[in-house]
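Computation of the quantities below employed the complete heavy-atom set of this structure, encompassing side-chain atoms and omitting hydrogens, waters and symmetry-equivalent molecules. Below, chain A is the first sequence line, B the second, and so on; all start at residue 1.
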Amino acid sequence: MALYLIDLPFAKIGLDTAKRDSDAKVVLVQDGVYADTSGLSDVYAVKEDVEKRGVASRLGGAKIIDYNELVDLIVENKVVNFA
Amino acid sequence: MALYLIDLPFAKIGLDTAKRDSDAKVVLVQDGVYADTSGLSDVYAVKEDVEKRGVASRLGGAKIIDYNELVDLIVENKVVNFA
Amino acid sequence: MANINFLLTEGPFQTEKWSTVSKLAAAALDKGHEVTMFCYLDGIYNGLSTQEFADWDKVPGDYFKELVDKGAEIVCCGICVNARGQQKGKYFFEGIKVGGIPDWAAFVGRADRVITL
Amino acid sequence: MANINFLLTEGPFQTEKWSTVSKLAAAALDKGHEVTMFCYLDGIYNGLSTQEFADWDKVPGDYFKELVDKGAEIVCCGICVNARGQQKGKYFFEGIKVGGIPDWAAFVGRADRVITL
Amino acid sequence: MEKNILFMFLRAPFGAIYYTEGMRAVVGMMSGMDEHKVTCAYAGDGAFYCLKGSDKSESAGYVKTIADISETHYYVEKESLDERGISEGDLDETYKVITRDDLARLIAENDVVYDF
Amino acid sequence: MEKNILFMFLRAPFGAIYYTEGMRAVVGMMSGMDEHKVTCAYAGDGAFYCLKGSDKSESAGYVKTIADISETHYYVEKESLDERGISEGDLDETYKVITRDDLARLIAENDVVYDF
């Protein structure tokens, strides 16, 4: 299982690569929460980043997680950095 | 006459805005020399930036200028910053 | 428990990477994980103990000081430190070390996870 | 002759803005124009006289020192200088001043052209 | 000499500090001896800042100071909103929607054009 | 412990220093006690670096050192080239063209994936 850490500057290529990985989990961090994740199912977004930007309603089915939950995801999965 | 200073991060909106100005001159600086300027006629590109990136052949009709010539353009025209 | 290495390449204030990294690293330490961090390029400015900014209760440096206090190992790239005029880390927090890429390579060797921000 | 004001918001090494700005400003001074510069945000790191980088013949700071020698007026934002731990510009080149946004506003008032990079 | 200055906010807010340090700059520009007049326009990824729910606490003090000095307009560009799937109803009411043609007109009208 | 590391170069070269400081990092990763194995992949705006005429003098020393340590592959991604109108003939021969599917495979194969 791989966890794709996605920020906005590399979002397009990062998400497109994640789509080629059937086990991909995606975490949107920082400006990454502005990215369009349509076509991906297992998506997470960092709470603090979502709240600052006021984009909760734009996130579709993404699960909002705090830093503690992000640490758990990092420990449980190989990390792929696009942030 | 206005001179649009264009770097890559703001190239799309900067060039699109310049197209609305019939007197626009465009100067590509830094990574701006990678931008697609089709649809614009009065385009300049900074020599040092073009040479480092090896993109002279990609620039179409853009005139290659050095910093001295860029100073002259700046002095002769109002500057609009998208860099 | 896991060993997590962070690579930080941007400085305080300019972008929010210092904030994400320091909070994520603190959460990892609080959960009992080991944290190492290599500050590369502008990331080295995060080691400075001399930040003063009245608008905020805490300056970015305070967060990195807390990571050291919680047991994180933080090394800043010495070439970057001197190139950026920070004089061998003369004003860095005690415990934030100046080292080299071999230290980073060793962190990666020990790490279960590597995060770049 | 024209008065040209530069706004520089990024530091040395990390991006090439220091290079474009310093070379463009030098060309303007050589042509007899007046140059003022406000260093804001990370731009303030360009004022440091303590940069050491063996890979290059000249460090970025040398270019800014030369601008001052040629008559450019360079002011760094004091809030940014202290926030970024640079202690009121203690290690800045002589002639590079620490000031505030009012200085920048005055530069803009005097300027025929304003360039941001 | 007093100048008319357009501040364009083009970067995604929060990831970088320009969204708030730019407002600090606006205050400074207006309060100096020259009493420059400033107009603010949000476009590109900067348009995200105009969302109703985005955290504007860091710049609230500057906005208040600006209002005390003089009437200042805050615009956001329609094309940038459309590209990002933002509708007018999603916006804080401070920001008036303009087209890219209007932005080009603001650029032409102002003496100085800053990108933040 | 020795690891397999993928360095992805994603930023436009020259505008920011990552294109060369990333190569400095590659050398360091390979020459430490753990003797990590490194693969380099250029994608996104990073693909511009692979153009024949781009100035590689700053990283030439690193590339030479890397070659002395071990065989290292340099890849560039086809989709990124296509988006930027770059054909294979425009590329320095050091860089072997791979598809995005191949990049995904490299990501899967390596223990650590860096974005530069």
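Rounding to the nearest 0.5 Å places CG of D/D42 at 10.0 Å from CZ of C/R84. The CD1 atom of D/I79 sits 11.0 Å away from the CZ atom of C/F13 when rounded to the nearest 0.5 Å.
Looking at heavy atoms from C-beta onward, D/E10 lies in side-chain contact with C/Q14 at the 4.5 angstrom threshold.
Residue contact with chain C, scored on non-hydrogen atoms closer than 4.5 Å, is absent for D/K88.
Residues D/A83 and C/F53 come closest through the heavy atom pair CB-CD1, 3.8 Å.
Ring-plane geometry between D/Y45 and C/Y45 is classed as parallel, the angle between the planes falling under 30 degrees on a 0 to 90 degree scale with a further cut at 60.
Between the side chain of C/E52 and the backbone N or O of D/Q86, no donor-acceptor pair lies under 3.5 Å. Distance alone, capped at 3.5 Å, places no donor-acceptor pair between the C/Q87 side chain and the D/Q51 backbone.
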